[in-house]
2 protein chains.
Amino acid sequence: MARKRFDDSQCSVARALNEVGDWWSLLIVLHAMYGTRRFVDFQQELGIAKNILCDRLARLVENGVLRKVDVGEHGSRFEYRLTEKGRDLFPVVIALRQWGDKWNPAPDQGPLDLRDRATGRPIQEVQVRDADGQSLSIRDVFVPDENLPAGKKNSA
Amino acid sequence: MARKRFDDSQCSVARALNEVGDWWSLLIVLHAMYGTRRFVDFQQELGIAKNILCDRLARLVENGVLRKVDVGEHGSRFEYRLTEKGRDLFPVVIALRQWGDKWNPAPDQGPLDLRDRATGRPIQEVQVRDADGQSLSIRDVFVPDENLPAGKKNSA
DNA sequence: CAATCTGGTTTTAAGATGCAACCCTATTCG
DNA sequence: CGAATAGGGTTGCATCTTAAAACCAGATTG
C-alpha cells in the first residue's frame with residue numbers, strides 16, 4: 001500500500017517530511033554531514049540494502065538535498081554532496097541528536113560534543129529561544145490567532 | 001520486509017528515529033503540540049488510517065513520548081498528551097518547520113510565526129549557535145577527534 | 001586477460017500501509 | 001426501551017515498501 005505523500009499538504013512540516021521523512025533519509029544526511037560521500041561508504045556505514053540506498057539517494061538528489069557529482073575515477077565514480085538546502089538540515093539533525101542523547105542515549109556514545117571551529121568552544125544546545133536567547137519550551141510560546149492552522153485554538 | 005530497526009545502534013540519531021521516525025509519527029507529535037488530544041481529532045486532522053493511527057499512538061505511548069489518559073467520559077474516552085520527553089521534541093519540530101518554510105513552503109501557509117507568551121515578541125530562529133549566540137553552519141563546527149564516530153575524519 | 005572497482009538493477013518473500021467494514025462498550029435521546 | 005451516537009479500536013485484503021542476495025555492465029588495473 002503506497003504511503004500517503006504530503007506533497008499538497010498545507011503544512012510545511014509535512015512537506016519537509018515528504019522529502020526527508022523516509023526511513024534512512026535523515027541518517028544518510030547525517031552521514032553526509034560527517035563527510036561521507038561515496039555510495040559504498042554510505043552503504044557500509046549505515047548497513048542499508050543497496051537498492052534502498054539507491055532509492056533514497058536518488059530522492060535526496062531529486063529533492064535538492066544532495067547533489068550527485070561525477071568524480072570521473074574508475075569510470076563511474078560519483079560523490080553525493082550536501083547542497084545548501086541539505087546543510088540547512090543541520091539544526092534538525094542536531095536537535096534530534098540532543099533529544100536522543102537526553103532520552104535514549106546510545107550505550108557507547110557520549111553526548112554530543114560539537115565545537116565552534118573558530119574558538120574551540122562548545123556550541124550551545126539547540127533550543128527554541130526568545131529574542132534575548134533564553135530557552136523556551138512549548139508552554140512558553142503561542143501562535144497568533146490569525147496564523148493558527150485551521151481549527152486550532154490557542155491551547156498550546 | 002520488516003524495516004531495519006536501530007535499537008542497538010551506537011548512534012543517538014538513529015535511536016531517536018527509531019522512536020519518532022515512522023511515517024506519521026512526527027506529524028502526530030506536531031498536532032499534539034497544537035493541542036490535539038483525541039483519537040478522532042488526530043485522525044481527521046491528519047487524514048490517517050485508523051489502524052495506522054492506533055499503531056503510531058501505541059508506539060509513541062510505549063516510547064514515552066505521549067501518555068494515554070482515561071478521561072472517563074462516554075465509557076472509553078482517552079486523551080493522548082505529550083510527556084516531557086515528547087515536549088522536548090519541540091526544537092526538532094520547529095527546526096523542521098523552518099527548513100520546510102525556507103525550502104519548500106506550503107502554498108497557503110505563511111512562515112512560522114511563534115511568539116514568546118511572556119512578551120509577545122517573535123522567537124529566534126532555531127539555529128546551531130556558538131557560545132555567544134551567533135549562528136553556526138555545519139562548516140563552522142567540528143567534533144573533537146576523540147569523540148568522532150568510528151572511522152570518521154574531521155572533514156565536516 | 002582476469003580481477004577489481006563502482007554504482008547500480010533485479011528477484012523474491014516478508015512487512016507495512018491504507019481503505020473500508022466490522023466490533024464492542026457506554027451514553028444519549030425519541 | 002430500542003435506535004442512534006460516541007468512542008476507540010480490530011480485522012480483512014490488496015498493494016506498496018523493504019531487505020537480502022544475486023546479478024549486471026562499464027571502466028580500470030595488474
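A note on names: the letters A, B, ... follow the listed sequences, proteins ahead of strands, and every chain is numbered from 1.
- Minimum interatomic distance between I94(B) and V126(B) (heavy atoms only, all atoms of both residues): CG2-CG2, 3.6 Å.
- In this structure, D70(A) atom CG and dC5(C) atom C1' are separated by 14 Å, rounded to whole Å.
- Separating the CG atom of D22(A) from the P atom of dC16(D) is a distance of 16 Å, rounded to the nearest angstrom.
- Residue W23(B) places none of its side-chain N or O atoms closer than 4.0 Å to OP1 or OP2 of dT17(D).
- You'll find that the side chain of A2(B) is closest to dG15(C), out of dG18(C), dA19(D), dG15(C).
- Each of G72(A) and D55(A) has a nearest nucleotide on DNA chain D; the 5'-most of these lies closest to D55(A).
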I'd like a list of close polar pairs between nucleotides 3-11 of chain D and the protein, N/O only, cut-off under 3.5 Å.
residue	atom	partner	partner atom	Å
dG7(D)	OP1	R38(B)	NH2	3.4
dG7(D)	OP1	R77(B)	NH1	3.0
dG7(D)	OP2	R38(B)	NH2	2.9
dG8(D)	OP1	F78(B)	N	3.3
dG8(D)	OP1	F78(B)	O	2.9
dG9(D)	OP1	K68(B)	NZ	3.0
dG9(D)	OP2	Y80(B)	OH	2.2
dG9(D)	O6	K50(B)	NZ	2.6

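- Between G100(B) and A16(A) the shortest heavy-atom distance is CA-CB, 4.2 Å.
- For the pair L46(B) CG and dG18(C) P, the computed distance is 11 Å after rounding to whole Å.
- Atoms CG (L53(A)) and P (dG7(C)) sit 10 Å apart, rounded to a whole Å.
- Side-chain atoms of S12(A) do not come within 3.5 Å of backbone N or O of P105(B) as any donor-acceptor pair.
- Going from atom CH2 of W24(B) over to atom P of dT17(D) covers 14 Å, rounded to whole Å.
- Residue contacts for R56(A): at a heavy-atom cut-off of 4.0 Å it reaches the sugar-phosphate backbone alone, with no base atom in range.
- Q127(A) places no side-chain N or O within donor-acceptor distance of the main-chain N or O of S135(A), the cut-off being under 3.5 Å.
- Sorted by first and then second residue, the pairs that involve residues 58-71 of chain A and meet side-chain hydrogen bond (donor to acceptor under 3.5 Å, both in side chains), not counting sequence neighbours, are D55(A)-R59(A).
- At least one donor-acceptor pair closer than 3.5 Å links the side chain of R117(A) to the backbone N or O of V141(B).
- If you take CZ of R5(A) and C1' of dT17(D), they are 10 Å apart, rounded to a whole angstrom.
- A distance-only check finds no donor-acceptor pair linking the side chain of S9(A) to the backbone of R15(A) [under 3.5 Å].
- For R3(A) and dA16(C), the CZ to P distance is 11 Å, given to the nearest whole Å.
- Atoms CD1 (I52(B)) and P (dT17(D)) sit 14 Å apart, rounded to a whole Å.
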